[in-house]
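What follows is one structure encoded as structure tokens, with my remarks underneath.
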Amino acid sequence: MKVLVTGGGGFLGRYVVEQLVARGDEVISFSRGTYPELAQLGVQTIQGDLQDAEAIKKACVGVEAVFHTAARPGFWGTRASFYGPNVIGTENVIAACRANGVSRLVYTSSPSVIFDNTAQSGIDECHPYPQKYENFYSETKALGEQKVIQANGPDLLTCALRPHLIFGPRDRHLLPRVIAAGRAGTLPQVGDGRNRVDLTYVQDAARAHLLAADRLVPGSPVAGSVYFISQDEPVMLWPWLNALFAALNVPPIRLRVPLWTARTIGGVLEWLYRTFKLPGEPRLTRFLASELALDHFYDISRAKRDFGYRPQIDMAEATRRTIEFLKDTGQEHTSR
């Protein structure tokens, strides 16, 4: 089929593109940047902005399915900087699908849309959205998710996937930033160090998107539903990070901070950055402190049942492959 992937040059999006190409689909990538490596795969690449309604409408001409992976990530910034790409951009994608008779739309969401600063240990998709958010990314992704699910109907079947903490080869953001903080000695262990978290290996995250799209047919339970996605092997966050650091010759994490202290520091830093319009972003926020200290792992039974998702790569192998990538790209630190 002919498929459009928004954010096709991004971390997850590129794996989605590659898996679609590998099985013989005709793929269009819509991204803000230029990605020659996609053109080499035979992918039609379109450079544009999701907030340009006409551009995304033209990109959807003749398309049968859309994978909407593009978003403005991060835990710091103005509400407008997140709302434009994540909400208006998603509205534009939905409108473009309807205008062109696209029959399927798969939206990449995040478990942070339901994070409420409490431990989330094995919860499922029935967990409600919180009354209030502490960061604009979570809020705007939740709004986008709701719009996608509300758009589900006979002419446009939709679903949303919530992969948690995607990692793996070609990750240029999540783990490299954590490693840089560990190397600089600025990464504190928040909490007692026993919290468990889910991670999602990027190849399995991409595969989940294809599986969901294939089951997105009339009468399927996938239509109008949301799904948690992970490796289904929660790890104890801090021992896992220290083992990763050891493999990369990065010093172990020694600084330990109680959650209430970290949230207080985060709140003060947020106030300072907003009040004085400081450049960059604070090293710690209230949201980030809670994420670092609390359980957040999820029940993926619904994805297993409704579209047959099961991770193909276990956490040990996923971690090994990620370490090899990080070494190859110079993330390994030698103390000599």
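Residue numbers run from 1 in the order of the sequence given.
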task: Please name all residues satisfying side chain to side chain contact (heavy atoms under 4.5 Å, CB included) with P258, sequence neighbours left out, ordered by chain then number.
output: W260, T261
I253: partners by side chain to side chain contact (heavy atoms under 4.5 Å, CB included), with sequence neighbours left out: L187, Q189, W238, L241, N242, F245
Counting distance only, does the side-chain N/O of [X] pair as donor-acceptor with the main-chain N or O of [Y] below 3.5 Å?
X: N135; Y: F75; value: no
X: T319; Y: M315; value: yes
X: T329; Y: L326; value: yes
X: S112; Y: S138; value: no
X: T275; Y: L272; value: no
X: Q19; Y: Q203; value: yes
X: N100; Y: A96; value: yes
X: Q120; Y: I114; value: yes
X: R196; Y: D295; value: no

Which heavy atom of [X] sits nearest a heavy atom of [Y], and at what distance?
X: R274; Y: G77; result: NH2-O, 4.3 Å
X: P163; Y: P111; result: O-CD, 3.3 Å
X: A318; Y: F167; result: CB-CZ, 3.7 Å
X: F11; Y: D171; result: CE1-N, 3.4 Å
X: V43; Y: V27; result: CG1-O, 3.5 Å
X: K2; Y: V61; result: NZ-O, 3.6 Å

message: Among residues at least two apart in sequence or on other chains, which ones pass side-chain hydrogen bond (donor to acceptor under 3.5 Å, both in side chains) with K147?
response: E91
- request: List for me each residue that meets side-chain hydrogen bond (donor to acceptor under 3.5 Å, both in side chains) alongside R162, sequence neighbours excluded, and say none if there are none.
  value: E145
Heavy-atom distance under 4.5 Å between the side chains of [X] and [Y], does that happen here?
X: S230; Y: F297; value: no
X: L20; Y: V5; value: yes
X: N195; Y: L294; value: no
X: R72; Y: Y83; value: no
X: D299; Y: I123; value: no
X: L161; Y: S109; value: no
X: V202; Y: R170; value: no
X: R79; Y: S81; value: no

[Y] and [X] side chains, donor-acceptor separation under 3.5 Å:
X: Y298; Y: D124; result: no
X: T186; Y: R283; result: no
X: H209; Y: T108; result: yes
X: Q231; Y: D204; result: yes

Listed by chain and number, what are the salt bridge (charged side-chain N to carboxylate O under 4.0 Å, His left out) partners of [X], not counting sequence neighbours?
X: R215; result: none
X: R310; result: none
X: D232; result: K304
X: R177; result: E281

Identify each donor-acceptor pair in which a side-chain atom of residues 31-40 lies under 3.5 Å from a protein atom, sequence neighbours left out, and give them as a table.
from : atom 1 : to  : atom 2 : distance (Å)
S31  : OG     : G8  : N      : 3.1
S31  : OG     : G9  : N      : 3.3
S31  : OG     : S29 : OG     : 3.4

message: Under the criterion ring pair (Phe, Tyr, Trp, His ring centres under 6.0 Å), I'd like the reasoning laid out for Y133 against F115: C-alpha separation, chi angles, the key distance, then a yes or no.
response: CA-CA 8 Å; Y133 291 93; F115 189 66; 10.0 Å; no
Quick one: name the residues clustered hydrophobically with [X], using the 4.5 Å side-chain heavy-atom rule over I, L, V, M, F, W, Y, and just say none if it's on its own.
X: V102; value: L4, I28, F30, I46, L50, I56, V63, V66, V93, I94, L105, Y107, V148, L156
X: V226; value: I149
X: Y137; value: F82, F136

message: Check E317 with R320, please: is the shortest side-chain N to carboxylate O separation under 4.0 Å?
response: yes
message: What I want to find out is whether E18 reaches R23 closely enough, with some N-O distance under 4.0 Å, to be called a salt bridge.
response: no
- prompt: Checking side chain to side chain donor-acceptor pair (under 3.5 Å) for the pair R302/S225: CA distance, chi angles, key distance, verdict?
  reply: CA-CA 10 Å; R302 180 181 288 185; S225 295; 4.8 Å; no
- prompt: Between H296 and H164, what is the ring plane arrangement, given parallel below 30°, perpendicular above 60°, and tilted in between?
  reply: perpendicular
Hydrophobic clusters here meaning ILVMFWY residues chained together by side-chain heavy-atom distances under 4.5 Å, can you tell me if [X] and [Y] are in one?
X: L12; Y: L41; answer: yes
X: V113; Y: F287; answer: no
X: V217; Y: V222; answer: no
X: V190; Y: V197; answer: yes

To the nearest 0.5 Å, how far apart are [atom1] in [X] and [atom2] in [Y]?
X: I265; Y: T285; atom1: CD1; atom2: OG1; answer: 12.0 Å
X: L165; Y: Y201; atom1: CG; atom2: OH; answer: 15.5 Å
X: L288; Y: E134; atom1: CG; atom2: CD; answer: 11.0 Å
X: R286; Y: E291; atom1: CZ; atom2: CD; answer: 13.5 Å
X: L292; Y: L259; atom1: CG; atom2: CG; answer: 9.5 Å
X: F228; Y: I300; atom1: CZ; atom2: CD1; answer: 11.0 Å

task: Would you indicate whether K58, at its atom NZ, is surrounded by more than 12 heavy atoms from other residues, nucleotides or ligands within a distance under 6.0 Å?
output: no
message: If you take the centroid of each ring, where Trp contributes its six-membered ring, are Y227 and F307 closer together than 6.0 Å?
response: yes
